[in-house]
Amino acid sequence: MSSPYYLKGSPLNVRFNSVVGWLARHGFSIAGTAEMSVRGRNSGRMQRIPVNPHIHEGTQYIVSARGHSQWVRNMRAAGGGELRVGRRVRAFSAVELPDEEKLPILRTYLEKWGWEVNQYFNGVTAKSSDEEIVAAAQDHPVFRITVRK
């Protein structure tokens, strides 16, 4: 049995993400990016990562372009987290979608964010067939998030 798909970022990519996270933390969102915080399942400390919140048909989602990362495992354990852009912090709960529900979300996510994330989808793009996107769905966790009032 193979390990779940995960593509670790290059040193340059890690540096870029830290800059994007810093910008979001200080109120500068690039094309809708935010800094997400999720409680670590082992450490209990908040883990921060820049994300591209995605709205599809009025519902907000977080997609893990790189696959089954540590933040995904933490999200599964915590069931939610926080999104921050500057001083605006929004707590949210999260529910992971089954693979069979991901197709429309992944297609519209790739339409909007493909310029940034296509490299993590092994050749699958917004123009790929439904079958190709469905085949890639197991490698890319998707969480429906609900912002708490």
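Hydrophobic clustering places Val134 together with Tyr120 (ILVMFWY residues linked when any side-chain heavy atoms are closer than 4.5 Å, directly or through intermediates). In the hydrophobic clustering of ILVMFWY residues, with side-chain heavy atoms under 4.5 Å counting as a link, Leu110 and Val63 come out together.
For the pair Lys127 and Glu111, the minimum side-chain heavy-atom distance is 4.5 Å or more. Contact annotation: the side chain of Trp22 never approaches that of Glu35 to less than 4.5 Å [non-hydrogen atoms, C-beta and beyond]. Proximity of Ile145 to Ile62: side-chain heavy atoms (C-beta onward) are separated by under 4.5 Å at one or more points. Val72 has its side chain within reach of Phe143: a pair of non-hydrogen atoms, C-beta onward, lies under 4.5 Å apart. Side chains of Pro50 and Asn17 form a contact here, defined as non-hydrogen atoms less than 4.5 Å apart. For the pair Met36 and Arg48, the minimum side-chain heavy-atom distance is 4.5 Å or more. For the pair His54/Gln60, no side-chain contact is recorded, criterion being any heavy-atom separation below 4.5 Å from C-beta on. Side-chain contact between Leu23 and Ser29 is absent, with no heavy atoms from C-beta onward closer than 4.5 Å.
In this structure, OG in Ser10 is found 13.0 Å from CZ in Arg15, a value given to the nearest 0.5 Å. The NZ atom of Lys102 sits 8.5 Å away from atom CG of Asp139, with the distance rounded to the nearest 0.5 Å. Taken from OG in Ser128 to CZ in Arg107, the straight-line distance is 7.0 Å, to the nearest 0.5 Å. Going from atom CD of Glu132 over to atom CG of Leu103 covers 11.5 Å, rounded to the nearest 0.5 Å. In this structure, the separation between CH2 on Trp71 and OG on Ser37 is 12.5 Å, given to the nearest 0.5 Å. For the atom pair Arg25 CZ and Ser18 OG, the distance stands at 8.5 Å (nearest 0.5 Å).
In this structure, His140 has its ring center closer than 6.0 angstrom to the ring center of Tyr5.
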If you look only at distance, which donor and acceptor atoms sit under 3.5 Å apart when one is on a side chain in residues 77-90 and the other is two or more places apart or in another chain?
{"from": "Arg84", "atom 1": "NH1", "to": "Gly86", "atom 2": "O", "distance (Å)": "3.0"}

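A donor and an acceptor atom, one from each side chain of Arg39 and Gln47, are nowhere located under 3.5 Å apart. Side-chain contact of Thr108 with His56: a donor-acceptor pair under 3.5 Å is present, judged by distance alone.
Residues passing the salt bridge (charged side-chain N to carboxylate O under 4.0 Å, His left out) test with Arg144, sequence neighbours excluded: none.
Each of Ile133, Leu106, Leu7 was compared with Phe121 under the side chain to side chain contact (heavy atoms under 4.5 Å, CB included) criterion, and only Leu106 meets it.
In this structure, the side chain of Glu101 does not engage the main chain of Pro98 through any donor-acceptor pair within 3.5 Å.
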